[in-house]
2 protein chains.
Amino acid sequence: MNVPLRASVKCSECPIRHRAVCARCDEDELALLEKVKCYRSYQAGEVILWRGEDLEFVASLVKGVASLSKTLEDGRTQMVGLLLPSDFIGRPGRERIDFDVTATTDVTLCCFERRPFERIVHETPNVAKRLMELALDELDSARDWMLLLGRKTAREKIATFIEMLVRRSTVTDFNGVQHDLSLPMTRDQIANYLGLTLETVSRQFNALKKEGIISFSDRRRFEVRDIAALHDATGDDADGGLID
Amino acid sequence: MNVPLRASVKCSECPIRHRAVCARCDEDELALLEKVKCYRSYQAGEVILWRGEDLEFVASLVKGVASLSKTLEDGRTQMVGLLLPSDFIGRPGRERIDFDVTATTDVTLCCFERRPFERIVHETPNVAKRLMELALDELDSARDWMLLLGRKTAREKIATFIEMLVRRSTVTDFNGVQHDLSLPMTRDQIANYLGLTLETVSRQFNALKKEGIISFSDRRRFEVRDIAALHDATGDDADGGLID
DNA sequence: AACAAAAGTTGACCCAGATCAAGGTACATC
DNA sequence: GATGTACCTTGATCTGGGTCAACTTTTGTT
């Protein structure tokens with residue numbers, strides 16, 4: 001549902017309080033934001049924003065996974081961004097976006113009307129600064145992704161993708177070992193993310209499974225059995241690769 | 001040569017005065033920057049910054065073309081950014097970069113020592129704001145590029161590349177028709193940019209030539225003969241594609 | 001429980017673009 | 001004007017991953 005709901009969660013108790021656009025805010029600044037925020041929810045598959053549409057709100061992603069994607073004339077599409085909790089949608093000074101934003105899983109957003117938000121950005125250096133950091137982080141991951149799309153083999157792409165999920169979940173969950181991770185999307189969406197077809201994604205997952213590097217408990221849930229072999233399969237050098 | 005030269009060009013007469021990081025500065029703010037700037041020159045092929053190296057300066061690109069590139073363990077490389085005059089190198093709050101920066105042609109930089117520059121960013125909202133705009137522009141073109149790398153055919157990649165050169169030169173030169181444009185790099189570097197091999201780049205250029213869409217006067221200089229056919233070959237829809 | 005729809009797997013085949021190889025061309029240096 | 005070197009072109013061949021197609025498994029609905 002894209003019906004705005006008055007905020008039910010207090011900012012101070014928000015799960016993304018310390019990573020989102022509000023991360024650097026003090027209590028007073030937070031109060032400003034709290035006054036203009038509202039929540040919206042979307043079901044998996046729902047389009048959150050269409051390319052070219054006027055942005056009436058900007059938002060922090062609170063829960064779930066969303067994706068940014070671009071489409072060619074004949075319908076080929078490529079994901080150009082993956083949004084996880086604490087990532088931001090919309091940019092100061094931009095009233096349109098040049099890609100579609102779709103809910104990959106069920107999603108909850110913390111939305112701010114664009115105009116009031118831009119005033120706050122203007123008057124609150126801590127928000128402006130955090131927005132800059134978020135933009136630079138996105139730029140870094142866009143560049144890692146370009147290396148992946150331009151030069152990696154199908155196997156390397158899949159291995160890199162899994163490694164990224166492992167890293168992100170560590171950051172999110174604070175558990176040293178990760179067994180039982182879950183894919184946040186279908187094979188088709190993963191193909192879209194990696195510049196492959198769904199058949200190739202399926203084959204490469206199964207190849208890594210056969211080699212004992214990963215194992216699946218069901219279609220979505222898996223476990224990394226050999227993290228070193230997984231890393232070798234990414235093609236990245238020891239220190240390099242995705243840093244988030 | 002990477003020997004810093006005391007500024008010889010006055011900011012007020014600088015060719016990138018109105019597009020670079022200083023674009024929004026008033027005279028007083030400009031004076032602040034002028035005090036800490038110096039010029040450096042690099043020859044085509046020279047590495048400006050190595051990945052991982054400590055950034056001692058940040059800089060605006062004044063003249064020439066530079067590229068950002070990433071490398072896999074086995075030596076495959078992919079360009080992840082192309083810097084043209086007025087583009088910026090280095091980011092506030094980051095003391096390292098995760099890619100190499102190389103002079104593609106002879107290059108002149110307007111450099112600022114990192115520390116003093118960061119103080120100025122902190123105290124000059126007009127600089128901070130402009131830096132944000134530049135970062136967002138880079139993010140947009142990174143995303144167009146991801147679509148290109150992930151989903152476009154060799155022909156579409158080459159056509160898109162040429163179309164970008166046409167657009168950029170229009171913006172730079174303010175001449176309605178562009179005959180006699182020039183490639184800022186070798187076939188090898190173009191391949192690197194587009195996620196292709198140099199042989200494929202050569203073949204696709206010659207295919208477009210045979211079809212009468214472009215023509216070459218020498219290896220570097222060319223002319224677009226049929227801009228509509230060129231656009232058709234990019235795979236982008238009418239309004240979409242690279243916007244810079 | 002039966003059925004339908006969505007998601008995933010597997011095999012056969014094919015082709016765009018990589019790879020390998022051999023020349024050709026333009027410019028710099030002596 | 002000869003020699004070297006970097007750059008580019010062109011042809012022959014190979015192959016990773018796309019395409020097409022059939023089938024299986026899971027999930028949701030009546």
Side-chain angles (χ1 to χ4, degrees), chain A residues 43-46 72 74-78 102 104-106 148-162 182-211 214-222 233 235, chain B residues 43-46 72 74-78 102-106 148-161 182-211 214-222 233 235:
Chain A
Q43 290 182 289
E46 237 183 304
L72 291 173
D74 64 1
R76 280 170 288 168
T77 76
Q78 174 64 55
T102 310
T104 302
T105 63
D106 291 353
L148 176 146
L149 291 173
R151 296 297 178 197
K152 289 193 176 181
T153 63
R155 180 186 170 86
E156 288 168 343
K157 286 175 175 182
I158 294 289
T160 305
F161 175 68
I162 296 173
S182 98
L183 300 175
M185 32 172 132
T186 65
R187 303 288 186 271
D188 192 30
Q189 290 167 324
I190 295 168
N192 222 310
Y193 182 91
L194 300 174
L196 297 169
T197 58
L198 68 99
E199 292 94 332
T200 301
V201 170
S202 177
R203 282 187 248 267
Q204 295 297 337
F205 269 134
N206 289 326
L208 293 177
K209 194 174 78 183
K210 254 175 221 152
E211 293 172 42
I214 56 174
S215 64
F216 283 87
S217 50
D218 71 30
R219 282 176 178 183
R220 289 294 186 98
R221 315 223 114 244
F222 68 98
Chain B
Q43 290 183 290
E46 239 183 302
L72 291 173
D74 63 1
R76 281 171 287 169
T77 76
Q78 174 65 54
T102 310
T104 302
T105 63
D106 291 352
L148 176 146
L149 292 172
R151 296 296 178 197
K152 289 193 177 182
T153 63
R155 180 186 170 85
E156 289 168 341
K157 286 176 174 180
I158 294 290
T160 306
F161 175 67
S182 99
L183 300 174
M185 32 172 131
T186 65
R187 303 288 185 273
D188 194 30
Q189 290 167 324
I190 295 168
N192 221 309
Y193 181 91
L194 299 175
L196 298 169
T197 58
L198 68 101
E199 293 93 333
T200 301
V201 170
S202 177
R203 282 188 247 267
Q204 295 297 335
F205 270 135
N206 289 326
L208 293 177
K209 194 174 78 182
K210 252 176 223 151
E211 294 173 40
I214 56 173
S215 64
F216 282 87
S217 50
D218 72 30
R219 281 174 177 184
R220 289 294 185 98
R221 314 222 113 244
F222 69 96

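Everything quoted here is computed from the prediction, not taken from an experiment. Below, read A as the first sequence line, B as the second, and so on, with proteins coming before strands; counting in each chain starts at 1.
Ranking C/dA18, C/dT9, C/dT19 by closeness to the A/S202 side chain, first place goes to C/dT9. Checking C/dA21, D/dG17, C/dA7 against every side-chain atom of A/T186, the shortest atom distance belongs to C/dA7. Listed nucleotides: C/dT9, D/dT19, D/dG18. Nearest to the side chain of A/R203: D/dT19. Which of D/dT19, D/dG17, C/dG8 sits closest to the side chain of A/R220 comes down to C/dG8. When distances are taken from the side chain of A/T200 to each of D/dG17, C/dA12, C/dA21, the shortest belongs to D/dG17.
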Please produce a list of atom pairs where a protein N or O lies less than 3.5 Å from an N or O of nucleotides 25-30 of chain D.
| unit_1 | atom_1 | unit_2 | atom_2 | d |
| --- | --- | --- | --- | --- |
| D/dT25 | O2 | A/R219 | NH2 | 3.4 |

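Atom-to-atom, CG of B/L194 to P of C/dA16 comes out at 19 Å; the value is rounded to the nearest Å. Spacing between atom CG of A/D74 and atom C1' of D/dG18 amounts to 14 Å, rounded to whole angstrom units. The interatomic distance linking A/Q204 (CD) with C/dT9 (C1') rounds to 14 Å, in whole Å. The distance from atom NZ of A/K210 to atom P of C/dT9 is 11 Å, rounded to the nearest whole Å. Across the protein-nucleic acid pair, B/R76 atom CZ and C/dT19 atom C1' stand 14 Å apart, rounded to whole Å. One interatomic measurement links the two molecules: CZ of A/F205 to P of C/dG8, which rounds to 10 Å at whole-angstrom precision. If you take CG of A/L183 and C1' of C/dG8, they are 12 Å apart, rounded to a whole angstrom. Regarding B/Q78, its CD atom lies at a distance of 11 Å from the P atom of C/dA18, rounded to whole Å.
In this model, a side-chain donor or acceptor of A/E199 finds a partner on the base of D/dC20 within 3.5 Å. No hydrogens or angles were tested; on distance alone, nothing pairs the side chain of A/R187 with the base of C/dT10 as donor and acceptor under 3.5 Å. Judged by distance alone, with hydrogens and angles left aside, A/R155 brings no side-chain donor or acceptor close enough to the base of D/dG17 to form a pair under 3.5 Å.
Contact annotation for B/G195: backbone-only contact, meaning every heavy-atom pair under 4.0 Å involves sugar-phosphate atoms and none involves a base. In this structure, A/L198 reaches the bases: a heavy-atom distance under 4.0 Å links it to at least one base atom across the strands shown.
Here CG of A/L198 is found 8.0 Å from OG1 of A/T186. Values are rounded to the nearest 0.5 Å. A distance of 4.0 Å separates CD1 of B/I190 from CZ of B/F161, quoted to the nearest 0.5 Å. Rounding to the nearest 0.5 Å gives a distance of 9.5 Å between CG of A/L148 and CD1 of A/I158. Note that CZ of B/R151 and CG of A/D74 are 11.0 Å apart. Values are rounded to the nearest 0.5 Å. A distance of 9.0 Å separates OH of B/Y193 from CG of B/L149, quoted to the nearest 0.5 Å.
Looking at A/R76 and B/T153, their side chains come closer than 4.5 Å, going by heavy atoms from C-beta outward.
In this view, A/R219 and A/R187 satisfy the side-chain contact (heavy atoms from CB on, under 4.5 Å) rule, not counting sequence neighbours.
When the nearest nucleotides of DNA chain C are assigned to A/R151 and A/D188 by heavy-atom distance, the more 5′-ward of the two goes with A/D188.
Here A/F205 and A/F216 bring their ring centres to under 6.0 angstrom of each other.
The side chain of A/T197 places an N or O atom within less than 4.0 Å of a non-bridging phosphate oxygen (OP1 or OP2) of D/dG18.
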